[in-house]
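Just below is one structure, and these are the notes that go with it.
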Amino acid sequence: MSRFFQAEVTGNILLSQTHNILRITPLKPHPSPSPGQFYLLRVSEAMDPLLRRPLSILRWDESSLEFLIRLKGRGTLLLRNMPPGGCIDLLGPLGNGYPSAGDGETPILVAGGVGIASVYPLIGRLGTDPILFYGAASSGDLCLLDDIRAVTSNLYLSTDDGSMGSRGNTVERLAAFLDETSVPKPVVYACGPEGMTSALLRMLRERGIPGYVSLEERMACGVGACLGCVVETSGGYRRVCKEGPVFKARELGF
Amino acid sequence: MSRFFQAEVTGNILLSQTHNILRITPLKPHPSPSPGQFYLLRVSEAMDPLLRRPLSILRWDESSLEFLIRLKGRGTLLLRNMPPGGCIDLLGPLGNGYPSAGDGETPILVAGGVGIASVYPLIGRLGTDPILFYGAASSGDLCLLDDIRAVTSNLYLSTDDGSMGSRGNTVERLAAFLDETSVPKPVVYACGPEGMTSALLRMLRERGIPGYVSLEERMACGVGACLGCVVETSGGYRRVCKEGPVFKARELGF
Amino acid sequence: MNLSVEIGGLRLKNPVLTASGTFGYGEEYAEFVDLSALGAIVTKGLSLTPRKGNPPPRIVETPAGMLNAIGLQNIGVERFIEEKLPFLKQFDVPVIANFFGDSVDEFVGAAERLSRAAGIAGLEMNISCPNKQAGWLVFGTDPRVTFEVVSAVRKVTDLPLIVKLSPNVTDIALMARAAEDAGADAVSLINTVTGMAIDIKTRRPKLANITGGLSGPAIRPIGVRMVWEVFRAVGVPVIGSGGIMNGEDAIEYMLAGASAVAVGTANFVTPTATTDIIAGIRDYMTANGIRDISSIKGGLLWQREDL
Amino acid sequence: MNLSVEIGGLRLKNPVLTASGTFGYGEEYAEFVDLSALGAIVTKGLSLTPRKGNPPPRIVETPAGMLNAIGLQNIGVERFIEEKLPFLKQFDVPVIANFFGDSVDEFVGAAERLSRAAGIAGLEMNISCPNKQAGWLVFGTDPRVTFEVVSAVRKVTDLPLIVKLSPNVTDIALMARAAEDAGADAVSLINTVTGMAIDIKTRRPKLANITGGLSGPAIRPIGVRMVWEVFRAVGVPVIGSGGIMNGEDAIEYMLAGASAVAVGTANFVTPTATTDIIAGIRDYMTANGIRDISSIKGGLLWQREDL
Ligand SMILES: Cc1cc2nc3c(=O)[nH]c(=O)nc-3n(C[C@H](O)[C@H](O)[C@H](O)COP(=O)(O)OP(=O)(O)OC[C@H]3O[C@@H](n4cnc5c(N)ncnc54)[C@H](O)[C@@H]3O)c2cc1C
Ligand SMILES: Cc1cc2nc3c(=O)[nH]c(=O)nc-3n(C[C@H](O)[C@H](O)[C@H](O)COP(=O)(O)OP(=O)(O)OC[C@H]3O[C@@H](n4cnc5c(N)ncnc54)[C@H](O)[C@@H]3O)c2cc1C
Ligand SMILES: Cc1cc2nc3c(=O)[nH]c(=O)nc-3n(C[C@H](O)[C@H](O)[C@H](O)COP(=O)(O)O)c2cc1C
Ligand SMILES: Cc1cc2nc3c(=O)[nH]c(=O)nc-3n(C[C@H](O)[C@H](O)[C@H](O)COP(=O)(O)O)c2cc1C
Ligand code: FES
Ligand code: FES
């Protein structure tokens, strides 16, 4: 079973102006991912755009993989417009996903924007009725709410513009929650934009709460060969594609 | 009416493994072409492939244009796979097409391979029941035979492998025809691959028969600005996109 | 919103020029572009006497780029002035005559003749061409030769003089300084990067001339880097070119230090590229509250002082 | 069908190498590619002491290419020999250690240490790096400096010595000759072309290091041209690289004069690129009745004698 394989596009659902879910069916047996891992997708057969695009695994079963894609630039536009029936090649699953929670720990999931794609597979897998903080710029950017609600009732939504859930950012919302509620041995699992990540890391440090955070960096190879995707950690530069994308919160200095 | 316009792909018929007919409907009024003129089509929105592809006009009416495309490389592959509903941009009609025949002249059309695309619009326009010599490598490469037969019965087919029509090349076929038949004031209108063109020009020169030949050369701008598409003529280098693609046979020295 | 810029004493209504050799003598694109809307029109390269150019094939597509080996085919300065200039004069746009020679004398001769013609607003000298007096080494690859030929031309013209630099050098800033020292009013870069492609079926070069000049988006990172290097090395304005396809690419060059940009290969891909780019620059200015386009020149933010 | 080639005394079972810095220390691609099937593995650039490399972002996509500014991050020769070489020795493939320094002494030190390790078949010295003793000017941009540093390394190693040339020069043939004169057994080219990209929203360089090296198909025409220039200038074998994505591109380089090719950016696009390219070369040989791959080296057909 190779991590480099071809697949057929078997579904492409446009959720909004900016988000779509791409469903693909590998043509051969392929290794199963675990939550927090990602794939590199070839977006075009031409030499431009050249590099593969990294996407977190959203959902999977034996015969298919699903990705949640937020429109960013040319690559994600091509992925949005990919018609079912077409062929695409993928590399993955790559990197280290989220570890499971330890005994007696209370996992708290935190997702900002399309970071939900990375955190989503944890929802059904980290205990029952897990706590999820999910924020985005506006209600239109909150995806998969029905599916999420089917698995957990502990859902705390927030939007920057207040169009859904509480107004304001996810980290402040989480901080308020931690102030109000006594959570036994909280452990945070988070993925979101840079601003959220750094605020969250600060907050966790201040409160001495452990956690795991998934990071993004530009990638070329995805397999640890090019050293293109490093981030600064307490142990020096680490490759997001290989040692990450999920890092222990305390390794991250920012 | 601009010669640079957008169009919707409204049909794409695969004729064979190697040929397709692309039908497009311009989104705005557009200038009408004349036989032998061509268009430059953008084959991708990406930067690779970068340059537009030149295609002769095959058929047109007020609302649409049709091109006959032979699969050659990446650009023609993209044009072959273009789904109806998509948008494409075009530049044209470009260049000088075939002039009409003079008084008492007998037009003889000669097409080699996909050169039929260039010659095709002449069939219904140069007198009744015009003479057409049409050759290709094999029967599968002979396109649009039904449509052609509907307009003329003077059709002389040949294939290199003898799978349809007479075996051998079009120019020899034409030479034999001219030996056998007395044609009043013959004037040749021709488009085909380089080998055919040079044999034809030699034959015309030897027999003192006038004619018009459409040439191909790599193009960038298509409007005469880059000087990329020149061919040697008796008057020096001439631009295929501007002074051509149709040249008088006697201007061509090869 | 002020889009106008000054290049060596020449005021342009906006910073978008046509790149020499990609816009013919203006006529060819007049049907697609309002020529009066352009910052300036730079003509196809002219020489004292007409040039036939190279045999075909002259162009070949490459990944995100193209190679050309036109061989500087042109009708010569005399015929340009008689046959082409009158057409261009109808428009409210400065005409910059691009010219070259294969000796210092030819450069000087062409510059003299062009300077006497009415209706030419500036000269751009292309020094990416071989010097027959120096074993056909390219003028623009040796700073002394660059200095010599630019000085000679400077003596015979009062028109704004732009020197167009070759990127096929170890240190382009050195060439730019040589041009500036010799009296250039501006420098223009980059010209094409020398490249080559081979047809593996026939084993022949895809260009009859064997090598050619690479242009288009493929070379943009090289052009931006060189503009940034030159901008920090000279005091005269820089005209940036190399793979500019849209307004954003133009802004990228200006942030690197270009006062204006020249649009080449993009014309072939989109005949309205030049005016589209002007519109794109406007959009960027609106979106970013920029009143005067010159204010972004060299506006790259960078901290590392050691570079 | 004979695919084997000889590079400076080193016999390779086929002409496909990995390009330094794009294949890690081999481990990373072992799951996708049978390492024993490769002509040789060229390691990530090594220095005498470990290097931390540049801050991120280190890479950015460009049209048909990418810029990288890894900053030569590496674990140093010592750890390479201890931790990485044993893995590579398991395979039936020559290991070529790519190395660099920021002074002649560092080059010499690294070469010495690498030459003492068992299991290294050859050395490739990367002279596209700045020389701290010469105001951080790049070693490979001055033929005298090239000669000096290559001579110094030559004295301390008996391994086949490949010198990897920088394309950021006016005359690459001059550099190749300097390397040959200094005792190089082969030359390898091209390294990346210096480029730059700017984020117009933030006005910052897209790379933390500001400039980086352009690689990928965008630069292939430049690489092919330079290989052709160098092939005609030196007697030692040439290893070609720059934008080789498939077997056809590899053949193009060999027709231009390369004895072997190095595959870089293509690995990122297709992890099986190296072996795909070997298969592609075989296909071409079959289709064209070529028995020995070396027979096509420099097989470009060109007539014009004046070039
Ligand atoms: C491990 C990982 C997991 C990700 N998971 C998802 C996901 O599930 N859904 C989703 O919508 N997005 C995800 N992203 C972000 C996604 O990869 C980028 O939005 C995408 O690559 C943008 O490509 P583009 O061509 O549309 O944008 P452009 O900005 O045009 O891309 C230009 C280049 O920058 C790179 N790039 C741009 N933004 C990012 C970014 N944030 N991270 C890394 N590289 C970037 C691109 O890959 C490309 O090489 C993930 C990123 C990483 C690193
Ligand atoms: C005036 C004119 C009219 C034409 N009409 C038709 C037509 O009606 N139907 C048809 O199938 N083909 C026609 N051709 C040929 C067609 O343009 C080429 O087959 C096509 O451009 C190949 O593109 P590609 O990407 O598939 O092939 P590639 O070989 O990958 O193309 C690489 C580059 O070479 C150029 N190129 C390749 N072959 C030719 C060629 N023969 N002439 C000019 N440029 C070429 C391409 O445009 C492109 O820039 C015409 C050519 C010209 C000049
Ligand atoms: C077909 C063609 C012809 C050119 N002719 C000239 C010329 O005559 N004089 C000159 O200085 N530059 C010439 N150039 C270089 C361009 O002016 C420009 O500097 C270069 O193409 C890079 O810009 P681009 O990538 O936008 O095309 C030519 C370029 C092309 C593509
Ligand atoms: C991410 C990356 C890292 C590289 N690191 C090195 C290096 O350490 N030493 C070296 O000599 N070349 C290095 N190179 C240059 C490549 O070996 C190769 O010469 C160049 O990328 C051109 O080939 P390509 O277009 O196939 O990538 C690196 C290239 C890339 C893209
Ligand atoms: S993307 Fe190459 S090391 Fe991570
Ligand atoms: S294609 Fe540019 S002049 Fe003909």
Side-chain angles (χ1 to χ4, degrees), chain C residues 60 62-65 67 136-138 141-142 166 168-171 193-205 208-212 214 216-229 243 245 248-249 251-256 284 288 296 299-304 306-307, chain D residues 60 62-65 67 136-138 141-142 166 168-171 193-205 208-212 214 216-229 243 245 248-249 251-256 284 288 296 299-304 306-307:
Chain C
V60 49
T62 68
L67 288 167
W136 298 108
L137 277 179
V138 173
T141 55
D142 180 329
S166 164
N168 302 299
V169 295
T170 307
D171 184 355
V193 183
T194 308
M196 171 172 171
I198 299 171
D199 183 327
I200 65 166
K201 289 202 193 74
T202 62
R203 297 194 180 185
R204 297 195 168 276
N209 187 55
I210 308 178
T211 62
L214 185 63
I219 66 168
R220 189 167 63 240
I222 305 173
V224 172
R225 183 260 297 183
M226 290 190 164
V227 163
W228 189 63
E229 287 174 353
M245 305 306 282
E248 297 174 9
D249 299 341
I251 299 290
E252 186 179 9
Y253 268 94
M254 291 193 262
L255 288 171
Y284 178 83
N288 292 276
I296 71 161
L300 177 72
L301 303 174
W302 52 290
Q303 300 143 316
R304 296 179 49 167
D306 50 9
L307 278 154
Chain D
V60 49
T62 67
L67 288 167
W136 298 107
L137 276 179
V138 173
T141 55
D142 181 329
S166 164
N168 301 298
V169 296
T170 307
D171 184 355
V193 182
T194 309
M196 171 173 171
I198 300 170
D199 183 329
I200 65 168
K201 292 204 191 70
T202 62
R203 296 193 181 187
R204 295 194 170 277
N209 187 54
I210 308 179
T211 61
L214 185 62
I219 66 168
R220 189 167 62 241
I222 305 173
V224 172
R225 184 260 296 181
M226 290 189 164
V227 163
W228 189 64
E229 287 175 351
M245 305 305 281
E248 298 174 9
D249 300 342
I251 298 291
E252 186 178 9
Y253 268 93
M254 291 192 262
L255 288 170
Y284 178 84
N288 293 274
I296 71 161
L300 178 73
L301 303 174
W302 52 290
Q303 299 143 315
R304 296 180 49 167
D306 49 10
L307 278 154

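Per chain, numbering begins at 1; letters A, B, ... match sequence-line order.
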Chain C contact via L67(D) - which portion, at a heavy-atom distance below 4.5 Å: side chain
Residues in side chain to side chain contact (heavy atoms under 4.5 Å, CB included) with V138(D), at least two apart? T141(D)
In terms of heavy-atom pairs under 4.5 Å, which option from V169(D), I219(D), T170(D) contacts chain C the most? T170(D)
Heavy-atom distance under 4.5 Å to chain C: side chain of T202(D), backbone, both or neither? backbone
Measuring heavy-atom distances to chain D, does I200(C) have an atom under 4.5 Å in its side chain, in its backbone, in both, or in neither? both
Sort out for me which of D171(D), N168(D), I296(D), V227(D) touches chain C most, counting heavy-atom pairs under 4.5 Å. N168(D)
I'd like to check the salt bridge (Lys or Arg N to Asp or Glu O under 4.0 Å) partners of D142(D); sequence neighbours left out, ordered by chain and number. R144(D)
To the nearest 0.5 Å, atom CG of N288(D) lies from atom NZ of K201(C) at 9.0 Å
Given that the side chain runs from C-beta out, which part of L214(D) has a heavy atom under 4.5 Å from chain C: side chain, backbone, both or neither? side chain
Closest heavy-atom pair and its distance - I198(C), E252(D): N-OE2, 2.8 Å
Quick one: which of A218(D), G212(D), P221(D), P217(D) has the most heavy-atom pairs under 4.5 Å with chain C, could you say? P221(D)
Intermediate values then yes/no, side-chain contact (heavy atoms from CB on, under 4.5 Å), I222(D) and I222(C): CA-CA 12 Å; I222(D) 305 173; I222(C) 305 173; 4.1 Å; yes
Which answer fits T194(D), side chain, backbone, both or neither, if we ask what part of it has an atom under 4.5 Å from a heavy atom of chain C? both
Over all heavy atoms of both residues, which pair between P63(D) and R220(C) is shortest? Give the atoms and the distance, please. CG-NH2, 3.5 Å
Rounded to the nearest 0.5 Å, what separates atom CZ in R204(D) from atom CG in L255(C)? 12.0 Å
Taking side chain as everything from C-beta outward and backbone as N, CA, C, O, which of these in Y253(D) sits under 4.5 Å from a heavy atom of chain C? Side chain, backbone, both or neither. neither
